2 protein chains.
Amino acid sequence: MNFTPERRRVTIHDVAREAGVSITTVSHSLNGKGVVAAATRQRVLDTAERLGYSADAIARGLRSNRLGVLGLVIRPLDTLDSYQPVGVDYFVRFAGAAAVEALDRGFGLMLVRDPTTKNVPGIALAVDGFIISDPLGHDPVIELLQRNGIPLVTVGRDVDRADFTDWLGLGTDGDTRAVLNHLTDRGARRVALVIGTDTNAWNADSEQSYRVWAAERGQTAMVFQQDETAGEPGGEAIAERMLTAAKQQAVPDAVYCLTGRHAAGLQRRFQLAGYEVPADVMIVAGSDSEQTRNSTPPITSIDLAPEITAKAAVSFLVRRIEGDIESSPPVIENVLRPRQSTNRVAVG
Amino acid sequence: MNFTPERRRVTIHDVAREAGVSITTVSHSLNGKGVVAAATRQRVLDTAERLGYSADAIARGLRSNRLGVLGLVIRPLDTLDSYQPVGVDYFVRFAGAAAVEALDRGFGLMLVRDPTTKNVPGIALAVDGFIISDPLGHDPVIELLQRNGIPLVTVGRDVDRADFTDWLGLGTDGDTRAVLNHLTDRGARRVALVIGTDTNAWNADSEQSYRVWAAERGQTAMVFQQDETAGEPGGEAIAERMLTAAKQQAVPDAVYCLTGRHAAGLQRRFQLAGYEVPADVMIVAGSDSEQTRNSTPPITSIDLAPEITAKAAVSFLVRRIEGDIESSPPVIENVLRPRQSTNRVAVG
DNA sequence: TTCCATGACCAAAACGTTTTGGAAAAAGCT
DNA sequence: AGCTTTTTCCAAAACGTTTTGGTCATGGAA
């Protein structure tokens, strides 16, 4: 036995007829809009309750241009081309938290892949607003949404779009300095940085902060780049390059990898070459993940707190949708989780 | 500078005016519905393209009762009350894969929390259909959706609703037998089962299959139950109970825990008591997760292949929505990943 | 009494589509 | 030519709301 019953909703007309009033009065009573006598209003409310009426979201959406749905685009997943990157729990946690927060505010949350591609459902452009996580430089998605007048908020700014200010900072500068200071506190002298290749703010700002920090200390900057999709083998490859440096002097005694997978692979390769972690080289990851938690030794990481970021993003977007032009985006605070990979006492 | 431009869409009327035809003709041309001269049709298509027209999903939804959105409710997450259960990647992968598959079929995917609760956005009941993952017994969500005539498909059946047949099997019986046979092949004599407390098909069917299997072999069934939310400590607690059994005879030499977190905790507690894994006791988990992969030793698990299940669920639901009453749900095949926790040679 | 507020309600328009039931023009047939 | 069929198009209805611009009493102020 299968159920595909007649889809007959109880409409506002039914309530109006039953309560002996016009649909206007029903609408007003339910939404507290017009002026309606208390007694009448109560009668309408009761019959609506009795009939199990609730306004059709689509019809309402058509009339009031407000669907009650937020769109979420996670750009790194678009480029990763797989939505199941094993061990990367940041985005999942982000999406889950965003969904819950949206629900709490009376919105649904729709996951959407790059809406500039063909075959994207029309509904994508009908949502009330978008959260774009980690946009690329000159991101065409932002372009498209702006052209359609759809409110949007990004998590991490578009590095090539200085005039767009509705973004939440990721606290990248603070994080980077926290990591670098943590490392030098433990005696690191030559800290290298490994970033990804996506043109997003996380990569760009981390590099920028690192270079400034290095310059302040008169240290030569050592920046390596590796594709986000390369995973642990990508980390190994970078380690390979570091180890085969021309002069032994140039081999770093601490490495800050933004992604956890690079960090895990890199640490393994260093160990294979006979380096002790943390004694000979210390490792830090910019994003906590399964790999950082479970490497041997466990890798010190920034816990990116996607739940907090997601909540903030939803709340910020909702304010924008509701016409709050002023409120400025909150600043996200992340926390450094020291683990064994940097558990070394400072050397005078 | 903030962008909240006027949200003025180009409508079907604009296209009609520009092309010098009626809106009927535009609609027909675009949807290939009526009969329209090839030349006219092309002209309409061109102007639509030129004006960047695309039909408003809401208006279309109102008229044709079809929004282009699927709803996804993951019941275990409703009971877990947190959407960020660390280490549980099954549902994230499920949601991601479902979103992608839905997109490929021209649908959006909306994450929804238990829609029977208050404060759920009206849009939830306006979607074209629902996927309910792991429904509870007599699940009120199913009840609600059926009352509203919304097509739905469940992943894992509602154990208390025999008349509802639109569900995808999880292959639980096959999985259970595969695990149990794997264990006896390696010499297990007293296999215990640890299930959760949710009244879903996974728990129920696993227990059922286990009991039948035990009866077939004349083995006394040892079934333990532990709350899903209890996590690793919950697994430790169960191990505690096993170890303090009245007679030493009753201590199992192999344990099949459905959830990875129970398995990890249980294994740790056994090791603490001086048991060697897999020599003294073998452990298997019914759901691969971070904990099973990274325990010491790594725990043999069923890889639940959420991507395949999700794809199948979406495809099944879409067929239902499109009125295909016949097609019967596909059967999911999962795979057992042997790891060190059962790496023992059989004892004659 | 006349006038003007005010309170309570409602008819109709509007939102942007799809679809129904034609109508007008063209073509074919006898 | 007269009739029927086919082709091509369109006006209007419908989907279920919200909102606009009223109408009609009622009551108080002049």
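Order of the sequence lines fixes the chain letters, A, B, ..., with proteins taken first and strands second; residue numbering starts at 1 for each chain. Just so it is clear, the structure is predicted and the values come from calculations on it, not from any experiment.
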### Query
Counting N and O atoms only, with roles assigned by atom type, does the side chain of B:Thr25 sit under 3.5 Å from a partner on the main chain of B:Val21, one being a donor and the other an acceptor?
no
### Query
Expressed in angstrom and rounded to an integer, what is the separation of B:His13 atom NE2 from D:dA12 atom P?
12 Å
### Query
So how far off straight is the helix from C:dT1-D:dA30 to C:dT30-D:dA1, going by the axes through five pairs at either end, to 10°?
70°
#### Entry: Integer-rounded Å distance: C:dT19 C1' and B:Ile12 CD1
11 Å
#### Entry: Whether over 12 other heavy atoms sit under 6.0 Å from A:Leu51 CG
yes
### Task
Mind jotting down which residue pairs meet the salt bridge (charged side-chain N to carboxylate O under 4.0 Å, His left out) criterion with at least one end in residues 29-41 of chain A? Sequence neighbours excluded, please.
none
### Query
For the side chain of B:Asp128 and the backbone of B:Val69, is there at least one donor-acceptor N/O pair under 3.5 Å apart?
yes
### Query
Got a sec, which residues hit side chain to side chain contact (heavy atoms under 4.5 Å, CB included) with B:Pro115, two or more places apart in sequence or on another chain?
B:Val73, B:Val112, B:Val120, B:Val141, B:Leu144
### Summary
Residues pairing under salt bridge (charged side-chain N to carboxylate O under 4.0 Å, His left out) where one sits in residues 101-111 of chain A, two or more places apart or in two chains, turn out to be A:Glu101-A:Arg105, A:Glu101-A:Lys311, A:Asp104-B:Arg113
#### Entry: Among C:dT18, D:dT19, D:dT18, the nucleotide that comes nearest once only the side chain of A:Asn31 is considered
D:dT18
### Task
Take atom CZ of B:Arg9 and atom P of C:dT17, then tell me their distance rounded to the nearest Å.
7 Å
Would you list the protein and nucleotides 23-27 of chain D atom pairs, both N or O, that sit under 3.5 Å from each other?
none

### Summary
To the nearest angstrom, the CG-P distance between B:Leu62 and D:dG16 comes to 7 Å
### Message
Measuring to OP1 and OP2 of C:dA14, would you say a side-chain N or O of A:Arg63 lies under 4.0 angstrom away?
### Response
no
### Nucleic acid contacts of residues 44-58 of chain A, taken as heavy-atom distances under 4.0 Å to DNA chain C
none
### All pairs passing salt bridge (charged side-chain N to carboxylate O under 4.0 Å, His left out) where residues 133-144 of chain B contributes a residue, at least two apart
B:Arg75-B:Asp139, B:Glu143-B:Arg147
### Query
So does B:Ser27 get a side-chain nitrogen or oxygen closer than 4.0 Å to the phosphate oxygens (OP1/OP2) of C:dT17?
no
### Task
Evaluate the side-chain proximity of A:Thr11 to A:Ile23: yes if any heavy-atom separation is below 4.5 Å, no if none is.
no
### Query
Got a sec, which residues hit side-chain hydrogen bond (donor to acceptor under 3.5 Å, both in side chains) with B:Thr199, two or more places apart in sequence or on another chain?
none
## Note on the structure
Per-nucleotide protein contact along nucleotides 6-11 of chain D, 5' to 3', at a 4.0 Å heavy-atom cut-off (B base, S sugar-phosphate only, - neither), is --BBBB
### Message
Test of understanding: with side chain to side chain contact (heavy atoms under 4.5 Å, CB included), list the residues that count as partners of A:Thr117, not counting sequence neighbours.
### Response
A:Asp114
### Non-neighbouring partners of A:Arg43 that pass side-chain hydrogen bond (donor to acceptor under 3.5 Å, both in side chains), sequence neighbours left out
none
### Task
In whole angstrom, give the distance that lies between atom CZ of A:Arg17 and atom C1' of D:dT17.
16 Å
### Query
Tell me: CG of A:Leu125 to C1' of C:dT17, nearest whole Å?
16 Å
#### Entry: Pair B:Thr24, B:Ser27: side-chain N/O donor-acceptor within cut-off below 3.5 Å
no
### Task
Round to a whole Å and report the spacing from CZ of B:Arg66 to C1' of C:dG16.
18 Å
### Query
When you check the phosphate oxygens OP1 and OP2 of C:dT19, does a side-chain N or O of B:Lys33 lie under 4.0 Å from one of them?
yes
### Nearest-angstrom distance from the residue atom CG of B:Leu67 to P of D:dG16
14 Å
### Message
Applying salt bridge (charged side-chain N to carboxylate O under 4.0 Å, His left out) as the test, list every pair that has at least one member in residues 54-70 of chain A; sequence neighbours left out.
### Response
A:Arg9-A:Asp56, A:Arg66-A:Glu322
### Query
Between the side chain of B:Asn200 and the main-chain N/O of B:Leu136, is any donor-acceptor distance below 3.5 Å?
no
